[in-house]
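For reference, the structure is listed below as C-alpha cells.
Quick caveat, the model's predicted, so the values are computed rather than measured.
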Amino acid sequence: MLYGDEHVRRYQETDGAEGHDWQGTTTLLLTTKGRKTGKEYTTPLIYQPHGDAYLVVASKGGADEPPSWYLNLQANPEVKVQVKGDKFTARARTATPEEKPEMWRKMAAVWPDYDEYQKKTSREIPVVVLERA
C-alpha cells in the first residue's frame, strides 16, 4: 500500500496512475508552504470534486490538533494541487458553517471514517475547499 513520501513520489512520477486510486477512494496531492520554514510540503489527501473546486478534510485521524498542512494553508492559502496529471495552483479556504454539512456528507460518503474521527475529538474538523487560482 502506498503511504506518505512513497505515495507522493509514485503519484508524481506516474501522473497519478499509481496513487490516485487508494483503498477504495481517490487522492490528490496538496502542496503547502511551511508557515515556519517556507519549505514546500506535499501531502496525499482523499478528495471529492465539488463544482469547479475540490474538497479535502483536515482530520488527522481525529487528533485534537489539526494537521500541519492545514496550519500551513491558514498562514498561506496559495497552494499547489495535483489531480492525476492535472497540476494547478489553487486558493484554499475553510468551508463556511453554511456550506460544511453538505460537503461533510459528500466526503464521509467516500471515507466513512471521517464521522468516527469527528467523534474522537472536540475539535471541529474542517472541510477545505481548493479553488483554482
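Trp69 approaches Val57 most closely through the heavy-atom pair CZ2-O, 3.5 Å. The minimum heavy-atom distance linking Thr27 with Tyr11 is given by the pair O-OH, 2.9 Å. Smallest separation of non-hydrogen atoms from Thr14 and Glu18: OG1-N, 2.9 Å.
Using a 4.5 Å heavy-atom threshold, the side chains of Lys120 and Asp64 count as separate. Between Tyr117 and Trp111 there is a side-chain heavy-atom pair separated by less than 4.5 Å. Residues Lys60 and Thr121 fail the side-chain proximity criterion, which asks for heavy atoms closer than 4.5 Å. Looking only at side-chain heavy atoms (C-beta outward), Lys106 and Val127 stay at 4.5 Å or farther from each other.
Under a hydrophobic-cluster definition in which Ile, Leu, Val, Met, Phe, Trp and Tyr are linked whenever side-chain heavy atoms come within less than 4.5 Å, directly or via other members, Leu45 and Tyr41 are assigned to different clusters. Taking hydrophobic clusters as Ile, Leu, Val, Met, Phe, Trp and Tyr residues chained together by side-chain heavy-atom distances below 4.5 Å, Leu71 does not share a cluster with Val56.
How far CG of Leu55 is from CG of Leu28: 10.0 Å, rounded to the nearest 0.5 Å. Rounded to the nearest 0.5 angstrom, Thr43 OG1 and His7 NE2 are separated by 11.0 Å. Rounded to the nearest 0.5 Å, atoms CD (Glu65) and CZ (Arg123) are 7.5 Å apart. Atom NZ of Lys39 sits about 13.0 Å away from atom NZ of Lys33, to the nearest 0.5 Å. Rounding to the nearest 0.5 angstrom, the gap separating the NE2 atom in His50 from the CE atom in Met107 is 11.0 Å. Interatomic distance, CG of Asn72 versus OG1 of Thr31, reported as 11.0 Å (0.5 Å rounding).
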Salt bridge (Lys or Arg N to Asp or Glu O under 4.0 Å) evaluation trace for Glu13 with Arg10: CA-CA 5 Å; Glu13 286 176 356; Arg10 298 276 283 284; 5.4 Å; no
Criterion side chain to side chain contact (heavy atoms under 4.5 Å, CB included) on Arg132 and Asp86, from CA distance to verdict: CA-CA 11 Å; Arg132 281 181 192 266; Asp86 185 17; 2.3 Å; yes
Test side chain to side chain contact (heavy atoms under 4.5 Å, CB included) applied to Arg93 and Leu73, step by step: CA-CA 8 Å; Arg93 66 175 180 83; Leu73 68 77; over 6 Å; no
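Between Arg105 and Glu102 there is no salt bridge, since none of the side-chain N atoms of the basic residue sits less than 4.0 Å from a carboxylate O of the acidic one.
Shown here is Lys100, whose NZ atom has more than 12 heavy atoms of other residues, nucleotides or ligands within 6.0 Å.
Classified by interplanar angle (parallel below 30°, tilted 30° to 60°, perpendicular above 60°), the ring pair Tyr54/Tyr47 is perpendicular.
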